[in-house]
Amino acid sequence: MKLTKLLHEKHEELEALWVDAVFKTYSEKAIPHLSSNADPFTNPVGNMVKEAAHCLFSALSLDDITIDAVKQALDRFVKIRAVQDFTPSQSVGVIYLIKPLLRSHILPAVDQHQLSDYLDLESRVDTLALLAFDMYTKDRETVAQIRIKEIRNQYAQLKRWAQHFNAQAPLGTFTGCGNQGCK
Amino acid sequence: MAKLPTPQMLVASRPDFPKEHWLDTKPLFAPGSYCYPEKKETMELLHMPNPHNWDPAADDWNLPDNWEKILCDAFEERLEKHRSLKLFMDICVRCGACADKCHFFLGTNDPKNMPVLRAELLRSLYRRDHTALGRLLGKHVGARGWDKNVVKELFYYAYQCTECRRCSLFCPYGIDTAEITAIVRELMHEVGLGTHWIMDPVKNCSFTGNHLGIKPHSFKEIVEMLADDCETVTGIRPKTPFNEKGHEILFITPSGDVFADPGIYTFMGYLLLFHELDLDYTFSTYASEGGNFGSFTSFNMAKKLNAKMYAEAERLGVKWILGGECGHMWRVINQYMETYNGPTPANMETPKSPITGTVFSNAKATKMVHITEFTADLIRHGKLNLDPSRNDHIVTTFHDSCNPARAMGLLDEPRYILKHVCNHFVEMPENTIREQTFCCGAGSGLNTEEIMELRMRAGMPRGNALRYVQQKYGVNHMACVCAIDRATLPPLADYWAPGVTVSGVHELVANALVMKGEAKRTMDLRQEDLPNVDADEAEAVEG
């Protein structure tokens with residue numbers, strides 16, 4: 001059987017297995033909730049993981065999919081993992097949990113002459129992980145940026161006022177104290 | 001030769017997680033998940049109990065020697081004082097209805113952020129000392145004793161609750177988790193544990209009236225600068241009355257709107273609206289903070305800081321107080337102020353709009369009217385000349401701030417205003433708005449930058465809903481009626497829905513307000529060009 005056909009056939013099963021593997025990176029008591037419903041607002045993380053799973057396996061099945069579409073579908077998933085209590089490898093490394101699934105569910109059915117196709121398939125997992133790694137880094141950069149921006153915004157008006165105050169004093173006369181007697 | 005771990009070994013925390021019973025799993029104080037501690041000097045200045053230096057990431061928090069007795073006594077005292085607390089300790093049947101309603105749980109997936117389990121941290125201590133079964137059977141019935149790790153755990157989770165009360169909405173018994181969190185925070189303060197981001201504003205409000213500790217003359221100058229900006233945009237310089245006696249109304253709003261971007265534009269909105277109405281009002285530099293960080297500290301501190309409102313209303317001889325767009329200010333006013341600081345001074349009357357004659361009988365007890373109630377009433381009576389097309393470049397949604405929505409039922413007034421000042425208004429999904437609104441993730445004194453990661457995950461349910469309407473309906477703006485929201489939603493939007501701007505409702509009101517004698521508007525209050533103004537026309541105006 002051709003590799004792509006095999007992947008199509010096992011698509012749903014593999015997706016579900018990977019979703020389970022990702023859920024297992026959370027506390028056991030949270031898993032019933034994560035698997036409970038598909039509503040994007042009452043179970044957002046569960047929904048994000050499932051959206052990511054669908055996208056990842058579609059990309060692996062060589063469905064017609066662009067890098068932008070992959071990024072769009074992985075965006076929320078990478079964003080939440082980037083701010084949860086995970087190490088960087090735990091955050092995006094979950095994409096590598098696809099490989100053992102492929103080795104147990106796809107590899108046994110692969111003929112000798114399809115080995116090269118199979119290795120390509122595993123390389124596509126690497127590509128997806130690298131894409132996610134770029135997104136993760138960008139998200140962490142965003143967190144750093146918004147932290148700086150927030151500090152600036154908190155005192156924005158105060159800074160303007162201080163500059164205004166400085167501008168009113170003739171150059172060289174500012175002593176740092178409004179009191180004339182203070183030298 | 002040592003073997004490298006496989007990716008699975010690096011990534012998956014199973015199978016050995018969690019090894020322990022959930023009550024024995026202890027939180028990890030990782031940077032980004034806890035607020036910085038308050039300085040000893042600040043706690044001393046405020047006469048807080050047991051001030052000391054400590055570091056949340058350290059093993060030893062330098063608790064006072066008799067810390068356990070202090071906490072046991074303090075807990076017992078509160079159980080006697082607050083019958084509601086005793087009820088909340090006894091009545092929970094652990095049905096789990098609240099479990100998945102908390103934005104902290106949805107964002108962290110940490111089970112102890114389920115409101116039921118967060119409360120269970122305290123309830124387990126209650127069982128040991130205050131129930132017969134707990135005393136006899138101990139751990140078998142979920143009872144446990146105090147130890148220093150329990151203190152750390154209580155601290156960790158009390159500051160992973162924004163007291164938003166969404167869980168209470170779904171609790172069949174109406175257990176108010178916010179009150180449980182408030183009391184845990186009080187207990188922590190008994191042994192000298194507080195956070196800088198809360199206690200510093202408490203200190204500043206105690207000594208100078210506003211949360212940054214800006215002296216009255218400087219505060220006035222900053223407001224005057226905002227009036228100058230109003231003139232730049234509209235050609236009209238609104239008045240800025242301060243500490244003047246004999247006016248009808250005292251206006252109190254969060255001081256964040258005087259200092260912080262983008263709150264300042266909401267403040268400019270107030271100035272312009274009041275000028276247009278020729279409202280008989282004054283500001284106070286003493287009561288220049290509507291927000292009450294004391295309410296994130298202890299009930300007594302909340303009472304102390306709120307007392308300034310009525311004290312100034314009495315000194316200045318006003319009839320009633322108009323309050324700005326703030327969140328927890330309104331919960332404190334509606335839920336606690338009568339008990340804290342009531343009855344109102346004799347000079348105060350049930351608020352009556354001087355423009356429409358509407359009597360706000362809902363504010364009979366507090367004598368305080370929320371500005372969106374006031375403005376919605378003005379619009380209802382056709383008292384404002386509005387040109388919503390000035391906001392045509394905006395597709396706005398509305399974020400219900402937790403406290404006005406759930407503590408005072410302020411749901412329709414802001415929407416009514418928005419629909420009259422903007423032509424494009426879109427609601428977020430039904431289960432994320434109105435009473436079911438999701439918190440910004442950083443209320444109740446958690447809006448500090450050192451926990452940005454925590455805020456981004458806790459605010460995710462709100463960010464996720466915003467992102468949905470951004471992608472589906474082209475929403476590019478989110479209005480809100482809370483100063484903390486105006487500070488916390490911009491970073492949240494930058495992370496989850498980049499391209500969405502945030503403002504208060506009255507910024508949009510003033511943008512749409514056609515004022516008597518104003519110059520042709522070519523820019524909005526942020527001094528950004530209005531895209532709908534004809535370029536030639538704008539040049540002609542400048543010429």
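Letters go in sequence order (proteins before strands), and every chain restarts at 1.
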Run the side chain to side chain contact (heavy atoms under 4.5 Å, CB included) check on I148(A) and E449(B) step by step: do they pass?
CA-CA 8 Å; I148(A) 295 166; E449(B) 64 276 355; over 6 Å; no
Spacing of OH belonging to Y155(A) relative to CG belonging to L212(B), to within rounding of 0.5 Å
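So the gap between those two atoms works out to 5.5 Å.
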Any chance you could measure N153(A), atom CG, to R486(B), atom CZ, to the nearest 0.5 Å?
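Rounded to the nearest 0.5 Å, the CG-CZ separation comes out at 13.5 Å.
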Between [options], which has the largest tally of heavy atom pairs under 4.5 Å with chain A?
| options | result |
| --- | --- |
| R467(B), E221(B), Q471(B) | R467(B) |
| G256(B), S218(B), A99(B) | S218(B) |
| N113(B), T448(B), N431(B), T432(B) | N431(B) |
| E450(B), M460(B), K101(B) | M460(B) |

Test side chain to side chain contact (heavy atoms under 4.5 Å, CB included) applied to K79(A) and Y495(B), step by step:
CA-CA 8 Å; K79(A) 269 187 168 23; Y495(B) 192 72; 3.8 Å; yes
Do [X] and [Y] have side chains that approach each other closer than 4.5 Å (heavy atoms only, starting at C-beta)?
| X | Y | result |
| --- | --- | --- |
| N464(B) | M48(A) | yes |
| T42(A) | D100(B) | no |
| Q154(A) | F259(B) | no |
| M452(B) | V83(A) | no |

Within 6.0 Å of [atom1] in [X], more than 12 heavy atoms from elsewhere:
| X | atom1 | answer |
| --- | --- | --- |
| K99(A) | NZ | yes |
| Q527(B) | CD | yes |
| F170(B) | CZ | yes |
| L115(A) | CG | yes |

Check this for me: does any side-chain nitrogen of one of [X] and [Y] sit under 4.0 Å from a carboxylate oxygen of the other?
| X | Y | result |
| --- | --- | --- |
| D229(B) | R160(A) | yes |
| R457(B) | D85(A) | yes |
| R147(A) | E453(B) | yes |

Apply side chain to side chain contact (heavy atoms under 4.5 Å, CB included) to Y96(A) and T6(B), showing your working.
CA-CA 10 Å; Y96(A) 283 116; T6(B) 62; over 6 Å; no
Find the one option among N47(A), I146(A), I151(A) whose heavy-atom pairs under 4.5 Å with chain B are most numerous.
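Answer, by heavy-atom pair count under 4.5 Å with chain B: I146(A).
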For chain B, the option from D75(A), V92(A), V22(A), N43(A) that forms the most heavy-atom pairs under 4.5 Å
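The answer is D75(A).
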Taking the six-membered ring for Trp, are F41(A) and F438(B) closer than 6.0 Å centroid to centroid?
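Not under 6.0 Å, so no.
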Side chain from CB out, backbone as N, CA, C, O: work out which of these in [X] comes under 4.5 Å of a heavy atom of chain A, or both, or neither.
| X | answer |
| --- | --- |
| M114(B) | side chain |
| A487(B) | backbone |
| P491(B) | both |
| I222(B) | both |

Which region of L158(A), side chain (C-beta onward) or backbone (N, CA, C, O), has a non-hydrogen atom less than 4.5 Å from a non-hydrogen atom of chain B, or is it both or neither?
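Both parts, backbone and side chain.
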So which part of D39(A) gets closer than 4.5 Å to some heavy atom of chain B, the side chain, the backbone, both or neither?
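Side chain only.
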No-hydrogen, no-angle side-chain donor-acceptor test under 3.5 Å, N109(B) and Q84(A):
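Yes.
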Report the C-alpha separation of D261(B) and Q157(A) in whole Å, then their side-chain angles, then the decisive distance to 0.1 Å, and conclude whether the side chain to side chain contact (heavy atoms under 4.5 Å, CB included) test is met.
CA-CA 7 Å; D261(B) 209 356; Q157(A) 187 62 8; over 6 Å; no
